[in-house]
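A short worksheet on the structure shown next.
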Amino acid sequence: MDTDDSQISQLPDATAKKLAPIPKGATIHRRPIPSGPVASTNSARRIHVTAKTPFRSVTTRVRKQLDKYLRQSASSRGTFTNKLSQKKNASLGERIHRIQQQSQNAATDGLGLGLENSGEVVVLGTGRAIQKVTEVALFFQKQPDCIVQLRTGSVAAVDDVISAEDDGLEGNVTERARMMSSLEASIRLR
C-alpha cells in the first residue's frame, strides 16, 4: 500500500513524527508555554500548576476562589428576593406565583441554591505537572460540595535551537515546535 507523509498525518490514528535530532554542539532554549486564550468572563479562574507547586497552596487558592463565588452568589440571591418583595402592592397570590416560578427555574437550571451560575476554577498543568493536577482533582472530588471534571489536551511549545559556531560565538537560531500533554481540572460547587 503506497501512502505519502501528507496522507499519514491526516489519519486519526497516525503516529506523530519525531523531531529532527539536534545538531552537535547546539543548545536548546525553551520558551514559556503559551497560556492560551483568557476567559471572556470572570466566572472562570485559571490556576497554572508546575511540578514544584506545593499541593496545599493550590488547594488553598482553589478553595478561596470557590468561597468567593459562594459569597457572590449569596449576595445575588439576596437581591433577587428583594426584587420579589419590591412590589409591595402585589396580591398574596401574585407573590406566591413568583416564588413558585423562581423555584421551578431553579429546579430546571440547578439545585436552587443560586450556585448554578457560579464560576468554576480551572487548574491547568502540562508535562510533569499532570500528576499534581490529578492529585488536586482527586482531593476536591472527595469533598462533598464540589464537582470535578477533567479534560485532556495537547499544547504546542516552541523551542529555540541555538547552534554554536567554531569560534565559540552563537550561530544561527532556529525554532522548532513540540507537543506537550496537558490536563485541565474544572472545579465548581454543587
Side-chain angles (χ1 to χ4, degrees), residues 16 19 27-85 99 102-162 173 175-190:
L19 295 174
T27 59
I28 295 180
H29 179 262
R30 295 185 178 207
R31 293 186 194 173
I33 298 171
S35 62
V38 179
S40 60
T41 62
N42 289 337
S43 64
R45 168 91 193 263
R46 300 169 74 86
I47 299 174
H48 294 272
V49 175
T50 65
K52 294 181 180 181
T53 306
F55 172 79
R56 197 67 201 152
S57 67
V58 175
T59 56
T60 304
R61 276 190 269 166
V62 170
R63 182 50 74 178
K64 277 185 181 180
Q65 192 64 34
L66 291 175
D67 290 344
K68 181 180 173 184
Y69 292 146
L70 183 63
R71 285 193 307 272
Q72 288 174 352
S73 66
S75 66
S76 67
R77 275 192 319 235
T79 59
F80 183 74
T81 55
N82 287 342
K83 286 180 185 177
L84 282 178
S85 62
I99 292 172
Q102 180 221 4
S103 64
Q104 285 177 353
N105 291 344
T108 58
D109 296 338
L111 297 176
L113 300 174
L115 300 177
E116 49 273 354
N117 294 326
S118 68
E120 65 179 4
V121 180
V122 179
V123 182
L124 301 164
T126 58
R128 291 187 309 166
I130 289 177
Q131 179 182 359
K132 186 76 69 176
V133 174
T134 307
E135 291 170 358
V136 171
L138 183 61
F139 175 79
F140 281 103
Q141 191 172 14
K142 290 180 181 177
Q143 304 293 318
D145 63 338
C146 295
I147 298 173
V148 178
Q149 292 178 336
L150 295 175
R151 291 184 289 273
T152 59
S154 296
V155 178
V158 179
D159 297 334
D160 294 324
V161 179
I162 305 168
V173 177
E175 297 176 348
R176 73 177 195 173
R178 61 186 165 89
M179 297 301 289
M180 293 184 65
S181 300
S182 68
L183 184 65
E184 209 174 276
S186 168
I187 304 166
R188 57 190 173 90
L189 294 171
R190 288 189 189 271

Residue pairs involving residues 142-155 (criterion salt bridge (charged side-chain N to carboxylate O under 4.0 Å, His left out); sequence neighbours excluded):
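Counting only pairs at least two positions apart or across chains, the salt bridge (charged side-chain N to carboxylate O under 4.0 Å, His left out) contacts touching residues 142-155 are R63-D145, R151-E184.
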
Tell me which pairs pass salt bridge (charged side-chain N to carboxylate O under 4.0 Å, His left out) where either residue lies in residues 47-57, with sequence neighbours left out.
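Qualifying pairs, neighbours excluded: none.
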
Minimum heavy-atom separation for [X] to [Y], with atom names?
X	Y	result
G119	R188	O-CB, 3.8 Å
L150	A185	CD2-CB, 3.6 Å
K132	A51	CE-O, 3.7 Å
S182	S154	OG-N, 3.8 Å

Are the side chains of V136 and V49 in contact, using a 4.5 Å heavy-atom criterion?
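The answer is no, as the side chains (C-beta and beyond) never meet within the 4.5 Å cut-off.
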
I'd like to check the side chain to side chain contact (heavy atoms under 4.5 Å, CB included) partners of [X]; sequence neighbours left out, ordered by chain and number.
X	answer
T134	I130, L183
A157	I33, R178, M180
K64	T60

Only counting residues at least two apart or in another chain, list the ones meeting side chain to side chain donor-acceptor pair (under 3.5 Å) with [X].
X	value
E135	Q131
S186	E120
T50	T53
R31	D160, E175

When rounded to the nearest 0.5 angstrom, what distance separates [atom1] in [X] from [atom2] in [Y]?
X	Y	atom1	atom2	value
I162	H29	CD1	NE2	6.5 Å
D159	T27	CG	OG1	11.0 Å
K68	L66	NZ	CG	11.5 Å

Tell me if the CZ atom of R176 is crowded by more than 12 foreign heavy atoms within 6.0 Å.
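Yes, enclosed.
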
Single hit among I147, V148, V123, V121 for side chain to side chain contact (heavy atoms under 4.5 Å, CB included) with F140
V148

With sequence neighbours left out, write down each residue that passes ring-ring contact (aromatic ring centres under 6.0 Å, His included) with F139, or none if nothing qualifies.
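In terms of ring-ring contact (aromatic ring centres under 6.0 Å, His included), with neighbours along the sequence ignored, F139 is linked to F55.
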
